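These notes are about the structure you will find just below.
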Amino acid sequence: MSSSATVSAPAPTIGRGATFPRVVASEWTKLTSLRSTSWIAAATIAASAGLTYLDANASSVDPGFRPSGALTTGLLLAQVGPLILGVLVGTGEFSTGTARATFTAVPRRLPVLAAQTVVTGAFALLTSLLAVAGTVLGLVPAARSRGIALGLATDGTPQVLVGMVLFLVGTALLGLAIGALVRRPVPAVAAAVVLVLILPVGLMLGSEVGGDPLAASVSETVPPSQAAVNTMITFLPSGAGSLLTTTSASAGVEGAPDIGPWGGGLVLAAWILVPLVAAAARLRTRDVS
């Protein structure tokens, strides 16, 4: 009696068996197992809610106080957390010395970067939603003290809330792109902080020092030097991202192109994609050390 033998395929190697969902799951485990991740998320939520609460209470004595006017105050500090988080994810494989093991398991390399992008965006989205919710809660005491309704569904406020979430998620992805490109935590954090926080402030301070306040107060037009500075700030990541948190009617800075929320989103996306593509190219063509 003959029997047909079933020839089983050889077991896949670790590299070939590392499907993209598995890589994503692995990167998610790495991210959420770090204690710093929880601290960054908590600090982001606290900064967003705390600054909004302080600003709303300080402004509530004004006759024309509108609670929604303080919505974006907390973004000034809240953006730091997602930015640092992204940098840590982008540099993690190289700073911990696990890069060779990771890319041995995933020889094609790019799925690792893609998975880090997905994981960073997902975690930043969750953190951003909680941060924006904390921001809204931070407005409640000041609004109640004046007997004013928050009005979250009117005057373009839904667009501002969505823009705040997108701004924080975009900042995290920008940090990831810079970290993946630079690969070293300290230089990557320094580059990210300078680009997002220090450079816009430096440009504004420089324009104020170099400008003529008397001429600016007499003329109704923006001086060319100030217009140039405002344009540069608008096209920096923080300036473009801040346009996401404005309505079409209020978007734009004096003397700078009025690109609106959509334009700001596209500029921020470009700031993310350029270093991310460069990081992908470096990952494919260079050594992982």
Side-chain angles (χ1 to χ4, degrees), residues 8-41 43-44 79-128 166 168-196 237 241 268-289:
S8 58
T13 64
I14 294 177
R16 293 176 182 176
T19 62
F20 186 67
R22 291 179 181 177
V23 178
V24 170
S26 175
E27 293 300 325
W28 180 262
T29 301
K30 292 178 187 177
L31 178 62
T32 55
S33 62
L34 296 176
R35 185 176 300 177
S36 58
T37 302
S38 300
W39 282 108
I40 289 174
T44 300
Q79 64 181 322
V80 177
L83 182 68
I84 300 301
L85 174 70
V87 170
L88 293 180
V89 175
T91 60
E93 298 291 347
F94 306 98
S95 62
T96 59
T98 60
R100 290 192 179 277
T102 296
F103 295 121
T104 298
V106 190
R108 293 174 60 189
R109 297 187 181 182
L110 290 187
V112 175
L113 182 59
Q116 289 175 342
T117 304
V118 171
V119 166
T120 302
F123 191 87
L125 176 61
L126 177 60
T127 303
S128 302
L166 295 177
L168 292 175
V169 173
T171 302
L173 293 177
L174 176 62
L176 168 70
I178 294 173
L181 179 61
V182 178
R183 295 186 175 182
R184 297 294 181 264
V186 174
V189 169
V193 170
V194 168
L195 178 64
V196 175
L268 180 59
W271 275 104
I272 297 169
L273 287 175
V274 170
L276 197 60
V277 170
R282 183 184 185 190
L283 195 60
R284 284 292 301 273
T285 59
R286 299 288 186 88
D287 187 50
V288 296
S289 60

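Only a predicted model underlies this, so the values are computations on that prediction, with no experimental measurement involved.
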Please report the closest heavy-atom contact between [X] and [Y], naming both atoms and the distance.
X: Gly121; Y: Val169; answer: O-CG1, 4.2 Å
X: Ala115; Y: Phe20; answer: N-CE1, 3.7 Å
X: Pro111; Y: Val106; answer: CB-CG1, 4.1 Å
X: Ala124; Y: Ser128; answer: O-OG, 2.6 Å
X: Pro275; Y: Ala177; answer: CG-CB, 3.7 Å
X: Ala192; Y: Val87; answer: CB-CG2, 4.1 Å

Quick one: does any side-chain atom of [X] pair with a main-chain N or O of [Y] as donor and acceptor, under 3.5 Å?
X: Arg184; Y: Thr91; value: no
X: Thr37; Y: Leu31; value: yes
X: Arg109; Y: Phe103; value: no
X: Thr120; Y: Thr117; value: no

Q | Sidechain N-carboxylate O distance under 4.0 Å for Glu93, Arg100 | A |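 Looking at Arg100 together with Glu93, the answer is no, because their closest N to O distance does not fall below 4.0 Å.
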Is there side-chain contact between [X] and [Y], with heavy atoms separated by less than 4.5 Å?
X: Thr44; Y: Pro82; value: yes
X: Val118; Y: Trp28; value: no
X: Thr32; Y: Val119; value: no

Q: Mind running side chain to side chain contact (heavy atoms under 4.5 Å, CB included) on Leu283 and Arg183 for me, showing each step along the way?
A: CA-CA 10 Å; Leu283 195 60; Arg183 295 186 175 182; 3.9 Å; yes
Q: Output all residues satisfying side-chain contact (heavy atoms from CB on, under 4.5 Å) with Thr96, sequence neighbours left out; order by chain, then residue number.
A: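 In terms of side-chain contact (heavy atoms from CB on, under 4.5 Å), with neighbours along the sequence ignored, Thr96 is linked to Thr98.
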(Q) According to side-chain contact (heavy atoms from CB on, under 4.5 Å), who are the partners of Val182, at least two apart in sequence or on a separate chain? (A)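 Result, side-chain contact (heavy atoms from CB on, under 4.5 Å) vs Val182: Ile178, Pro187, Ala188.
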Q. Looking at Thr127, Leu176, Ile40, which hits side chain to side chain contact (heavy atoms under 4.5 Å, CB included) with Leu85?
A. Ile40
Interatomic distance, [X] atom [atom1] to [Y] atom [atom2] [nearest 0.5 angstrom]:
X: Leu195; Y: Leu174; atom1: CG; atom2: CG; value: 6.0 Å
X: Leu113; Y: Glu27; atom1: CG; atom2: CD; value: 9.5 Å
X: Leu173; Y: Leu166; atom1: CG; atom2: CG; value: 10.5 Å

